[in-house]
Amino acid sequence: MRTLCMSLPLACLMVGNREVATEVSPTVGAPLLVAEEFDGQPPPWVEYAKIPLTEYGAANIDAIAKAVEWIERRVPTSRVLV
């Protein structure tokens, strides 16, 4: 059984689990896949990026900076799902 889980901390930013990322709603403009172990892909009509972040361990500052830049470029025109 799959459980879709999503929160909306800002009008332009959504946070969800891997099921939400593979079943993207038309209200999501651009998913950012950050789960290192996630191999799935959103539907082909969706612009997305995969920037793996380690859940447990030291933060990779370069990967975090890249993810933030990717989000900032898309937020003015679409909702981003992380």
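For the single chain, residues carry numbers from 1 onward in sequence order. FYI, side chains are in, hydrogens and waters are out, and symmetry mates aren't considered; it's all heavy atoms of this structure.
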Practice item. Walk me through it: do N60 and T54 pass the test side-chain contact (heavy atoms from CB on, under 4.5 Å)? Key: CA-CA 8 Å; N60 179 330; T54 305; over 6 Å; no
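Between L32 and I71, some side-chain heavy-atom pair lies under the 4.5 Å cut-off.
Put simply, CZ on R74 and CG on L81 are 13.5 Å apart, with the number rounded to the nearest 0.5 Å. Taken from CG in D62 to CD1 in I64, the straight-line distance is 9.5 Å, to the nearest 0.5 Å.
Atom NZ of K50 has more than 12 heavy atoms from other residues, nucleotides or ligands within 6.0 Å.
In terms of heavy-atom proximity, W70 sits nearest to Y48 at CZ2-C, 3.8 Å. Closest of all the heavy-atom pairs between P52 and A63 is O-CB, 4.1 Å.
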